[in-house]
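Inspection log for the structure reproduced underneath, given as structure tokens.
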Amino acid sequence: MFYYISFLRPPPTQAALSGEPILITPQIANDLRTEYYTDVQDIFYSWSLHSSTPNSVITKPVKLTSWRASTMYKEIPVPSPRNVRDGEYWCLVLSSGTSRKDQVLSLNDENLGRQPFPVVSDPVFFSARPSKAVKQERIQRSYVLTATSRDHPVIFHIIEQTSFDLDKKIWDSGIGLSSWFIQLHSGMVSNTALVSQVKNALFAPKCDVLELGAGTGIVAIVLGILQGLLGSSVTSGKIITTDLPSALPLLQSNISSSQSLYHPGNTPKSVALDWDDPDISTQVASFVSGIDVIVMSDVTYNTASFPALVGTLSRLIMFSLSVAPAKPPLIILGYKERDVAERTLWEMAEKIGIHFEKVAQIPGAGGAPIEVWVGTVLVNTQ
């Protein structure tokens with residue numbers, strides 16, 4: 001599992017130029033904010049000037065507090081940026097270390113998740129005459145990935161809501177699966193026959209991908225970047241990423257924010273898909289050559305949804321085989337166990353001809369690891 005630095009009490013949307021500190025309450029918890037970090041952890045803060053210019057200004061990280069669960073509700077004063085000017089917007093960055101690398105989440109890191117992940121607030125507007133303070137409702141995390149084919153690392157950003165909407169937060173398996181895809185692309189994973197099959201499919205000259213339960217979009221964004229910018233020869237194919245209609249505005253916003261990182265014409269596309277809806281014709285209409293890969297992560301937390309999920313998988317497979325009978329799709333699942341009953345999904349999948357095999361796991365900070373499973377489909381699936 002992973003731990004995340006976030007805000008129990010976030011910064012305000014506006015602040016005065018009076019020099020008074022801003023009050024926040026940081027927290028360190030798991031992805032669902034249900035389990036708190038049990039060790040003592042130093043948290044460092046810095047301010048990043050929110051600007052349209054490419055060369056951003058960011059202050060040197062300074063220790064803010066030593067976080068511990070016993071005092072997790074304590075308000076912490078944060079000094080305003082030095083020499084802040086009227087009308088400027090600054091983002092508050094919280095991290096577990098003092099370097100710039102500690103302020104971004106490196107998806108290439110073989111020790112991914114051993115330290116709590118950093119967080120960035122929404123911009124705070126500093127004004128000589130601020131309006132009534134309103135608490136922020138969004139946070140941002142910055143991710144970095146590298147490849148031998150590029151001189152510089154690629155950085156992208158994912159916005160999350162601070163509400164309790166599950167489809168508007170980053171989940172462990174999305175990060176873990178994204179990291180595995182990067183390591184797969186870079187040749188850093190054990191090259192079994194099944195792993196090679198996945199790599200050859202995902203990074204072929206043409207690969208059509210459909211994602212279920214996309215949430216904030218990190219998996220589709222990483223695949224789009226890998227297929228478009230990191231030395232891949234992919235020039236065609238598509239990535240259709242799906243979730244319920246309520247998730248689409250944030251999902252599409254996150255996809256669009258990384259627009260410059262995709263191959264031209266291969267930007268992931270967000271589409272509404274309700275697993276309870278038996279009609280998938282709209283979502284699959286563009287897959288004229290079938291679906292090469294179905295991707296999903298953290299779709300197992302609600303066992304009551306399994307019949308609908310398995311039914312959707314069955315319909316997608318049958319559609320794909322109807323247009324490409326000799327090419328059943330591979331199914332890639334990022335999974336973290338939250339309840340042992342979730343593993344009944346594997347048994348239900350077997351009944352429709354999907355056999356899952358575990359190919360990797362990411363330990364993170366301990367507890368339940370993130371597991372990567374690959375499902376293969378019998379060609380005679382009914």
Side-chain angles (χ1 to χ4, degrees), residues 48-58 89-91 93 100-101 103-109 112 117-123 138-161 168-170 174-175 177-186 202-211 214-243 247-271 286 293 295 297:
S48 176
L49 179 63
H50 186 72
S51 171
S52 58
T53 59
N55 296 321
S56 61
V57 175
I58 187 165
Y89 289 85
W90 289 80
C91 299
V93 184
R100 175 61 179 141
K101 290 182 178 180
Q103 297 175 333
V104 295
L105 200 163
S106 175
L107 293 171
N108 290 79
D109 190 353
L112 179 69
F117 294 145
V119 67
V120 182
S121 76
D122 246 7
R138 307 191 313 170
I139 58 172
Q140 175 180 283
R141 299 190 197 275
S142 300
Y143 300 81
V144 61
L145 56 98
T146 58
T148 55
S149 58
R150 290 184 60 86
D151 295 331
H152 303 287
V154 175
I155 297 177
F156 66 96
H157 312 282
I158 298 287
I159 296 291
E160 305 173 47
Q161 296 280 5
K168 299 176 181 64
K169 292 183 180 296
I170 286 286
I175 293 176
L177 184 58
S178 298
S179 176
W180 188 76
F181 282 149
I182 293 166
Q183 294 182 41
L184 179 69
H185 185 276
S186 303
L202 279 176
F203 306 118
K206 180 180 183 297
C207 179
D208 288 333
V209 177
L210 185 139
E211 182 185 15
T216 56
I218 186 171
V219 174
I221 290 169
V222 166
L223 281 177
I225 293 171
L226 290 176
Q227 291 185 344
L229 291 179
L230 300 185
S232 175
S233 60
V234 172
T235 57
S236 60
K238 61 185 67 67
I239 300 172
I240 303 295
T241 182
T242 69
D243 211 315
L248 294 194
L250 182 60
L251 172 59
Q252 185 57 54
S253 175
N254 282 330
I255 291 172
S256 299
S257 70
S258 296
Q259 184 66 48
S260 63
L261 304 179
Y262 311 125
H263 190 282
N266 198 34
T267 299
K269 180 181 178 181
S270 61
V271 176
S286 61
V293 180
V295 175
S297 63

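Here, residue 1 is the first one in the sequence, and each next residue gets the next number.
- Side chains of I58 and R100 form a contact here, defined as non-hydrogen atoms less than 4.5 Å apart.
- Interatomic distance, CG of L223 versus CD1 of I182, reported as 9.5 Å (0.5 Å rounding).
- The backbone N or O of C91 lies less than 3.5 Å from no partner atom in the side chain of S121, so there is not a single donor-acceptor pair.
- At distances below 3.5 Å, at least one donor-acceptor pair connects side-chain atoms of S178 with backbone N or O atoms of G174.
- The side-chain heavy atoms of V209 and K238, taken from C-beta on, include no pair separated by under 4.5 Å.
- For the pair L202 and L226, the minimum side-chain heavy-atom distance is 4.5 Å or more.
- For the pair N266 and I239, the tightest heavy-atom approach, listed with the atom from each and the gap, is OD1-N, 4.4 Å.
- Summarising the geometry of K169 relative to Q161, their closest heavy-atom pair is NZ-O, 3.5 Å, with the distance given to 0.1 Å.
- Between R141 and P118, the shortest heavy-atom distance links the atoms NH1-O, 2.8 Å.
- Annotation: side chain of S48 is not in contact with side chain of V120 (no heavy-atom distance under 4.5 Å).
- Between L251 and the choices I159, V271, T216, T241, the side chain to side chain contact (heavy atoms under 4.5 Å, CB included) rule is met once, by T241.
- Taking 4.5 Å as the limit, some side-chain heavy atom of L105 sits within range of a side-chain heavy atom of L112.
- No side-chain heavy atom of K269 sits less than 4.5 Å from a side-chain heavy atom of T267.
- Annotation: the span from Y89 atom OH to L49 atom CG amounts to 12.0 Å, rounded to 0.5 Å.
- Note: I225 CD1 to L261 CG = 4.5 Å, rounded to the nearest 0.5 Å.
- Closest approach of F181 to F203, counting heavy atoms only: O-CZ, 4.1 Å.
- Listed here is the closest heavy atom pair of S257 and H157: OG-O, 3.7 Å.
- Distance check, rounded to the nearest 0.5 Å: CD1 of I158 to CD of Q140 gives 9.0 Å.
- Atom CZ in F117 sits 4.5 Å away from atom CD1 in I175 (nearest 0.5 Å).
- Classification of the F156-Y143 ring pair by plane angle, with boundaries at 30° and 60°, yields parallel.
- Across every non-hydrogen atom of P268 and G224, the tightest pair is CG-CA, 4.4 Å.
- Separation of atoms OG (S286) and CD1 (I240) is listed at 4.5 Å; rounding is to 0.5 Å.
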